[in-house]
2 protein chains.
Amino acid sequence: MPKPTFLNLPREKQNAFLEVALPEFADNDYNSASVSRIVERAGIAKGSVYQYFEDKQDLFMYLVEVSNQSMLEFVKQTPPPAPSADFFTMLRWQMSATIQASLKHPVHAKLLRRAYSAPLPFQDAIFENARRIREEHFQAMIQQAQASGQLAPGLDVQVASFMVQGMLNELGPFLQSRFGEQTDDWAQRPEVHAVFDQVITILKNGLGK
Amino acid sequence: MPKPTFLNLPREKQNAFLEVALPEFADNDYNSASVSRIVERAGIAKGSVYQYFEDKQDLFMYLVEVSNQSMLEFVKQTPPPAPSADFFTMLRWQMSATIQASLKHPVHAKLLRRAYSAPLPFQDAIFENARRIREEHFQAMIQQAQASGQLAPGLDVQVASFMVQGMLNELGPFLQSRFGEQTDDWAQRPEVHAVFDQVITILKNGLGK
DNA sequence: ATATAATGTGACTGGTCAGTCATATGACTG
DNA sequence: CAGTCATATGACTGACCAGTCACATTATAT
């Protein structure tokens, strides 16, 4: 929720600002991220930021929204499997799409990781909402798969959801540490897909019927 | 590495100080944690802290060490299964012991979570070391289990290690969110053990031969 | 060209911070 | 008692911070 002033700005200026502000909040804890540093790097006056946004929190929440949008957009544009596909095919697609998105937009991904993992003092409804939606998404997916007999019947939906989410959370950093900094071809490399396959296989054996 | 001044202090004073300093660094990001706030709450002069420690970083690293020590001590005192026990029995023990320890020492656990998850600017050798030791521990455990035919032969050791560690990392917060704040009997409750069982079963099916 | 509105500016305020240092207090020694 | 050493103190320094505001600049409309 920036002020109209910011949205009226020519795209160029908006983007130039975002290109400085996003990494600042991606690389630093909310409290340590500095508006002063942003304006210095962006070459604008401090007062301008407060023409654009209410305050630091407002700016931060907008950056989260922008990041979310850009990730979602990317994920949506990667072709999904047929809706009739089985649970693990869906999961593999989701895994791959998520990883690809965070490779394509590493700064946005980093910012989101930070925003969702570190509970800020202002537990704004936005975060809680996004978290709940995510949780519900996975639980619904699992429940449905279970109902159609793809998963072990005794499986606790919450436990399964937490395991799947934990996996997705850790996967990015793991791949990075294993295969080094991302390059353009990175996500196409067969070793990366081999890891996807392995993880899916493990989950399939573990959660499947 | 506190200065001798701190170690010469009567235990009472040391503990009183730690009881204020630990939560400050457990509840706040390193940059946001405040020495000024600590001295105010502890009712001592700011200069004293700098008689005890070189600087903020020195203090923090000592707190990490103290927390590590206290967790390790607790884990060590819970009776381990026979060394001949199979991989998943060992893993279950480790899971339970880790959770119990972080219930018994929630502040220490919180501080450690923070210290290891947020890469500080000063990548001090201590952290890197501790991380490496942890990684090697799990990889060795898995490798051995694989060699003795308990795990799937095609299993990638690194992938397995990352999954197991991811699980352990997420388990604490998950249990907390599911069963509420910890109480004394908490870790004995059958629901909690049911979750352990389920997680182990999933891993066993997923990773096992 | 003039008036009006939108946008940009940066010095300034009040606050917090880590870390210092001259000074004080106490404790132990001979 | 005097002398010495370890410990305690808190005002102070310089730096950084978020946020403000009176003023300057630019764009738009008349």
Side-chain angles (χ1 to χ4, degrees), chain A residues 1-64 118 120-122 124, chain B residues 1-64 114-115 118 120-122 124:
Chain A
M1 28 288 280
K3 298 184 184 172
T5 316
F6 181 73
L7 300 171
N8 291 342
L9 243 44
R11 280 285 148 167
E12 263 192 15
K13 274 197 177 184
Q14 286 188 31
N15 289 338
F17 176 77
L18 289 178
E19 251 158 61
V20 174
L22 284 165
E24 177 70 18
F25 280 90
D27 292 337
N28 300 95
D29 179 69
Y30 175 79
N31 289 303
S32 305
S34 155
V35 175
S36 301
R37 216 152 38 212
I38 290 174
V39 299
E40 191 194 354
R41 284 191 198 149
I44 62 175
K46 199 164 184 182
S48 295
V49 172
Y50 292 88
Q51 303 267 29
Y52 301 158
F53 302 93
E54 283 302 332
D55 51 22
K56 192 184 180 183
Q57 179 175 336
D58 186 33
L59 164 59
F60 177 67
M61 297 206 315
Y62 176 63
L63 295 177
V64 170
L120 272 311
F122 52 95
D124 217 84
Chain B
M1 31 272 290
K3 298 185 185 172
T5 315
F6 181 72
L7 300 171
N8 291 341
L9 243 45
R11 281 284 147 167
E12 263 193 14
K13 275 197 176 182
Q14 285 187 30
N15 289 339
F17 176 77
L18 290 178
E19 251 159 60
V20 174
L22 284 165
E24 177 70 19
F25 280 90
D27 293 337
N28 300 95
D29 179 69
Y30 175 79
N31 290 302
S32 306
S34 156
V35 175
S36 301
R37 216 153 38 213
I38 290 173
V39 300
E40 192 194 354
R41 285 193 199 147
I44 62 175
K46 198 164 186 182
S48 294
V49 172
Y50 291 88
Q51 302 268 28
Y52 301 158
F53 302 93
E54 281 303 331
D55 51 22
K56 192 185 181 184
Q57 179 175 334
D58 186 33
L59 165 59
F60 178 67
M61 298 206 314
Y62 177 63
L63 295 177
V64 170
R114 203 181 278 281
L120 272 311
F122 53 95
D124 217 83

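In what follows, chains are A, B, ... by sequence order, proteins preceding strands, each numbered from 1.
Listed for the Tyr30(B) side chain is a donor-acceptor partner under 3.5 Å among the backbone atoms of Gln57(B).
Residue Tyr50(B) places at least one side-chain N or O closer than 4.0 Å to OP1 or OP2 of dG19(C).
Side-chain contact between Lys3(B) and Gln51(B): absent, with no pair of heavy atoms (C-beta onward) separated by less than 4.5 Å.
Note: Phe17(A) CZ to Leu9(A) CG = 9.5 Å, rounded to the nearest 0.5 Å. Atoms CG and CZ, from Asp55(B) and Phe60(B) in turn, are 12.5 Å apart once rounded to the nearest 0.5 Å. The NZ atom of Lys56(A) sits 6.0 Å away from the CG atom of Asn31(A) when rounded to the nearest 0.5 Å.
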Protein-nucleotides 4-8 of chain D N/O pairs closer than 3.5 Å?
{"from": "dT7(D)", "atom 1": "OP1", "to": "Asn8(B)", "atom 2": "ND2", "distance (Å)": "3.2"}
{"from": "dA8(D)", "atom 1": "OP1", "to": "Lys13(B)", "atom 2": "NZ", "distance (Å)": "3.0"}
{"from": "dA8(D)", "atom 1": "OP2", "to": "Tyr52(B)", "atom 2": "OH", "distance (Å)": "3.1"}
{"from": "dA8(D)", "atom 1": "N7", "to": "Gln51(B)", "atom 2": "NE2", "distance (Å)": "2.8"}

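Atom pair Lys3(A):NZ and dG19(D):C1' shows a separation of 11 Å (rounding to whole Å applied). Between the CG atom of Asn31(B) and the P atom of dA15(D) there is a distance of 19 Å, rounded to whole Å.
Taking each heavy atom of Leu63(B) and Ala21(B) in turn, the nearest pair found is CD1-O, 3.8 Å.
A heavy-atom distance below 4.0 Å to DNA chain D is reached by these residues of residues 34-42 of chain A, ordered by number: Ser34(A), Val35(A), Ser36(A), Arg37(A). Residues from residues 53-64 of chain A that place a heavy atom under 4.0 Å from any atom of DNA chain D, listed by number: Asp55(A), Lys56(A).
Base-pair partner of dG30(C): dC1(D) (Watson-Crick or G-U wobble, both distances under 3.5 Å).
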Anything under 3.5 Å between a donor and an acceptor, one on a side chain of residues 34-47 of chain B, the other on a protein residue two or more places apart or in another chain? List them.
{"from": "Ser34(B)", "atom 1": "OG", "to": "Ser36(B)", "atom 2": "N", "distance (Å)": "3.2"}
{"from": "Ser34(B)", "atom 1": "OG", "to": "Arg37(B)", "atom 2": "N", "distance (Å)": "2.9"}
{"from": "Ser36(B)", "atom 1": "OG", "to": "Lys46(B)", "atom 2": "NZ", "distance (Å)": "2.9"}
{"from": "Arg37(B)", "atom 1": "NE", "to": "Glu24(B)", "atom 2": "OE2", "distance (Å)": "3.1"}
{"from": "Arg37(B)", "atom 1": "NH2", "to": "Glu24(B)", "atom 2": "OE2", "distance (Å)": "2.6"}
{"from": "Arg37(B)", "atom 1": "NH2", "to": "Ser32(B)", "atom 2": "O", "distance (Å)": "3.1"}
{"from": "Arg41(B)", "atom 1": "NH1", "to": "Glu24(B)", "atom 2": "OE1", "distance (Å)": "3.4"}

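Residues passing the salt bridge (charged side-chain N to carboxylate O under 4.0 Å, His left out) test with Asp27(A), sequence neighbours excluded: Lys110(A). With sequence neighbours excluded, the residues forming a side chain to side chain contact (heavy atoms under 4.5 Å, CB included) with Pro2(A) are Phe6(A), Leu7(A), Phe53(A), Tyr62(A), listed by chain and number.
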